[in-house]
Amino acid sequence: MNLFNFTDSVGWLMWVPICPLIAGVFLALLKPSGRVSAFVAIAALAVSLILSLKAFAMTWGHEAQIETHNFTWMHIGGVDLEFGMVLNALTGSMLAMVSLIGLLIFIYSWSYMSHDDRMGRFFCYLSIFMVGMLGLVVANSLLLFFMFWEIVGLASYLLIGFWFQKPSAAAAAKKAFITTRIGDLGFLIGLLWAFKATGTFLLFDNGSGILETTQIAALAASENVMFGMNTAGAIALFLFIGAIGKSGQLPLHVWLPDAMEGPTPVSALIHAATMVAAGVFLVARAFPLFIADLAMLEVVAWFGAFTTLFAALVAVGQYDIKRILAYSTVSQLGLMMVGLGAGGLALKEGGISIGMFHLLTHAFFKALLFLGAGSIIHGCNDEQDVRLMGGVFSKMKISSIAYLAGTIALCAFPFTSGYFSKDQILLSAWTASGPIFWISAIASLLTAFYMTRQCCYVFLGKYRGKGHVHESSPIMTVPLVILAVFAVALGYVSEHFYHILDYLSGVHVHQHESIVVIISWIIALGGIGLGLLVYARAKLGIDETDPVKKVFPVPYRWLENRLYADEFYEATAFKLWDVLAILITVLEAIMNQLVDFVTVVVRNIGSFFLNTIDKRVIDEVSFDGTCSRIYNSSQINKLIQNGFLQGYLRLLTGGAVLIGILLIVFTR
Amino acid sequence: MNYPQLFLTTLPELIVVLGMFVALGFDYTKYKELDPQTRSNKVAALSTIALMLGLAGVVWQFLQVTDGSKTFSNSFNGQVVLTPLTLWFKGLIFVLALFVVQFAKTDVPNKHVSEYFGLILLSTLGMGFLITAQNLIMLFVSIELISLSLYGLTAFQTDKKFSVEAGIKYFTIGGVSSAFLLFGLSYLFGATNELSFEGITAAITSGAAPQNYVLIASAFLVVGLGFKIAAAPFHLWAPDTYQCGPVPVAAWVASGSKIASFFLLVQLFGPVLETSEQKETLIAGIVLVSVLSMVLGNIGALRQSCVKRLLAYSSIAHAGYILIGLVAANEDGSISVLFYAVIYSLATLGAFATIGIIDSRLGREAQIDDFNGTWKQNPGLSILFMIFILSLAGIPPLSGFFGKFYLFMAAIGSQPEIASWSEGFYWLVAVALLMSAVSLFYYVKVLKAFLVSADTPKLPSIQITKAEGAGLLLLAVLVVYLGIYPTGLVEFIAASLG
């Protein structure tokens, strides 16, 4: 492995994750002051960004090309554990997005965390997080992918629980870690299965990697391995379980809204741009496995569709500004899954483009919304309840305009970036399956509705909270403005001037259906209009009832309670444990009686064993005996090493004679 | 004789010799009036520069040889052959010498400062020549160069009775061993009528050499080289030398000298073991030495309270482990021996250097009790020491674990047709594993004193110099790196051997 070769191979890609790793280790070991730590972390990520842009530039125009650099990490028994880096359009675009948004969030955190005396530690965690995220993007080995995936999991645990003195933050961190771990188990099974079936961990390896045609064909050849799927589909299913956990899909979404307990930049980093995107990225990376079994694509699409509708409904009933955004993220991730699943059904390999395009645009506008929310929360004296905000627009112009830019992009307002990417998803859903299309469409309508509702709460009317509202510092607002430009313009520019869809998957993607375009206009404008109609003139506040609640009190209460998903787990999984616990207690009581009886009988035998067998034979003679005999045998050493040179020489000669005797004995 | 070629071949050595004379000259004239510590710093700086330039020469030769643009093979009438492998190991010796110079400069035993460093440089040259030697004459001369320098270094603490005593013992036993070695070499020459390794190998493999004479020669070589690697029962000099000589010297004897000797062992015995019809016999001899070393070394270490003496016994035990790789008698075995020699030297140099730092600040020999609670006062030093000790104990993921793993795998894999536990080298590996378990006792005893002992710390907070700190940190990084990514080095050795 030549790490310093920057020209002809792609081994240098390893430096993309290594840069933040160096920064992280530096911060962990030397513990510099907060400002220095921020500077080091930002500088290291800037280097990563430059390398990422180089990778992006190298793939641009060479969509179908896949370059790899593999090396053997370890040779154990007859198995080579191979690692490697891969460079294709997926890597290039994802690297550029992750490191760019990461860098903006790092800069934003510099100001946001400046009052925290553990700022150095915060930047250390952030750097470690970027190591995992960038690493899994470049990884060309399922095992390496998994290792970085776990680093991401660990770093997110540390970041969500950064304010661990708050019990809710500590609980949320634990919940995130454990819930995603359930998914990781699926991923682990999937990768082991893939290794067993193909004998390699490498994804691309000059034709013999897991994702390349020969292996896929071999995997797809076996019929009905599990639930009527072929081996490729079965592996894909387990990988998808991993993706469900990481990307907060139903039914493992419960950790994501709670994870808002972390500092806001963390929410932006984890919940918008990177960590949750890792699951979607995994599906996109392993897409050849998914295409090999169409049933698997339908599974992906249906899971996505249910998630997107479910989360969009719940978001309507929330009052915490970050929680609304969290459910919106869950919903949008579901939409990405719809894009991958339905896109795969409609366009085969082109499905990657559909899902990934939305992932990229969403990363920008959702990061913008989270950072904007952070700025607003900061300005409103750390208040997160939208009912206690209001009238923010006139006090925080820059943040508000940036936030609105993110909002219209999320609502898929025509010609913003969200419009283009969501349009593609709806188009492929239209071709693939009617019900999925309508579910996605309703979810999109709800998206526009709840975002309008939120903006009405935050920006209109009079300020309802404590203290004064104030604009945030430029270090915080500059990243907002940059992200806002991307949120509005990215879709149009990349699709019309650069044909990003063709770039992402390397195949030509073109779909058009006038009726779908009309429907998506209706959805976006209708949702916003409906929201304005209901909320713009209504009296809002902590003491007022939400206008929707006035009309539909009962269903709205369900939404406020997040459709009882947590309660459902409490009632099922937790209750199951309770019942088991009672059963075990009863069993234990019975057992105790038995044991008491047996004890009396056994005690006598036991004391015999204790005194004779255990103490004598095992302790004194065997274990302790051996130990002390070994220990005492070092006495022999005193005999030999007596300090007299004559004795030493005698022994040396004696050894020579011994070898001579061996010589005579063994030579025949 | 081709003089320009000769010049280029011995360029690194010439640089170092020149540097040594410069250091001696300055020390006798310009620095004469200064106090010992300043002189020591200045001479050490000169030695460092000389070694670095020498190292640059080695690197240059390495690059030349690797890309094939130049060969140094026939220079010196074939006495010295430079291949990528020998150059790599020579470079390693120079690097280790650099570390030793850094550790040596804070505490020079007496006022003869430049002689101290001069002897270190001379022994470095000897080790470098020993690794590249391809001829029996050259081999013996380099071994004597190493040995005589090390005898002098061991006895250097002239104000301490024990140091001188250790030096004398080392010298006497070394003299006897040299006699054995020379006798063995002369038999080898007599049997094959060749002085160059190449010729000897050819004579042995073709069967032209009488097997019995080769065998007798090998038996004598086992004794002579067994002394160099401190394998039992030729180990008796080691505990005294390591304990009573200056600590950097002990570190140097345990690391640089060991690497050179094991390299020679692989080179000399490799062909004999792989081809000789009588290899069973020779293997029996080596197995005997190996088992004796493991048992005596580990058991001897159990009761030591002086940490240096403990490390001395542990080094005897390690010689036993390494010989297991030689027993495998195939290429895998040779690879594992060289790999283990490298990582063992790194870890043991680090451990000795740490002890040396503590000794010099304490002003006396450190006992295990002295380390109680060091963790609280010196967390950095404790972590580094922990890395070295755990690597010596063979705990994954440190390199010591993989070194042992490769050694044992090579021994078991050398007889693939044998499946039952009672045959082959399974029993030898079992003994080694058992002895590794015993060794944990004394390694952990030291660590326990460092980390968990609740008594009030005996040691004050220790200030270490930048050079020492950087040296220790670099060694620790190498120990960890070779544990996480051993494949690079292993593959390099394999490619160079094959």
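Values below: every heavy atom of this structure, side chains too, minus hydrogens, waters and symmetry copies. Since we're looking at a predicted model, the values are computed, not measured.
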Inset, instruction - Could you pull out the closest heavy-atom pair between B/Lys169 and A/Tyr648, with the gap in Å? - result: CD-CE2, 3.9 Å

Inset, instruction - Inspect the surroundings of OH in A/Tyr157 and state if more than 12 heavy atoms from other residues, nucleotides or ligands are less than 6.0 Å away. - result: no

Legend entry - Side chain / backbone / both / neither for B/Ser177 at chain A, heavy atoms under 4.5 Å: side chain

Legend entry - Other residues, nucleotides, ligands: >12 heavy atoms within 6.0 Å of A/Arg35 CZ: no

Legend entry - Enclosure of A/Phe39 CZ (heavy-atom neighbours >12, cutoff 6.0 Å): no

Inset, instruction - Step by step, work out the side chain to side chain contact (heavy atoms under 4.5 Å, CB included) result for B/Val289 and A/Ile659. - result: CA-CA 9 Å; B/Val289 175; A/Ile659 291 178; 4.0 Å; yes

Legend entry - A/Tyr631, OH atom: more than 12 neighbouring heavy atoms under 6.0 Å: yes

Inset, instruction - Can you establish whether the number of heavy atoms outside B/Phe401 located under 6.0 Å from its atom CZ is more than 12? - result: yes

Legend entry - Most chain A-contacting option - heavy-atom pairs closer than 4.5 Å, from B/Ala284, B/Ala219, B/Gly285: B/Ala284

Inset, instruction - Over all heavy atoms of both residues, which pair between B/Pro233 and A/Gly655 is shortest? Give the atoms and the distance, please. - result: CG-CA, 3.6 Å

Legend entry - Check against side chain to side chain contact (heavy atoms under 4.5 Å, CB included), B/Leu236 and A/Leu652: CA-CA 8 Å; B/Leu236 294 153; A/Leu652 191 152; 5.7 Å; no

Inset, instruction - Measure B/Val295 against the heavy atoms of chain A and call it side chain, backbone, both or neither at under 4.5 Å. - result: neither

Inset, instruction - Compare all side-chain heavy atoms of A/Leu645 with those of B/Ile173 and state whether any distance is below 4.5 angstrom. - result: yes

Legend entry - 4.5 Å side-chain heavy-atom contact, A/Phe71 and B/Tyr485: yes

Legend entry - Steps toward side chain to side chain contact (heavy atoms under 4.5 Å, CB included) verdict (A/Leu649, B/Thr172): CA-CA 8 Å; A/Leu649 290 177; B/Thr172 319; 4.0 Å; yes

Inset, instruction - Please flag which part of B/Val222 lies under 4.5 Å from any non-hydrogen atom of chain A: side chain, backbone, both or neither. - result: side chain

Legend entry - For B/Phe180 against A/Ala656, the heavy-atom pair lying closest together: CE2-CB, 3.6 Å

Legend entry - Partner of A/Leu663 by side-chain contact (heavy atoms from CB on, under 4.5 Å), out of B/Asn212, B/Leu215, B/Leu282: B/Leu215

Legend entry - B/Leu288 versus chain A, the contacting section by heavy-atom distance below 4.5 Å: side chain

Inset, instruction - Working to the nearest 0.5 Å, report the span between CD1 of B/Ile286 and CG of A/Leu662. - result: 11.5 Å

Legend entry - Neighbour count above 12 (heavy atom, 6.0 Å) for A/Phe195 CZ: yes

Inset, instruction - Examine whether an atom of B/Asn298 lies under 4.5 Å from a heavy atom of chain A, and if so say whether it belongs to the side chain, the backbone or both; otherwise answer neither. - result: neither

Inset, instruction - Name the option with the most non-hydrogen atom pairs under 4.5 Å to chain A; the candidates are B/Phe220, B/Phe227, B/Tyr313. - result: B/Tyr313

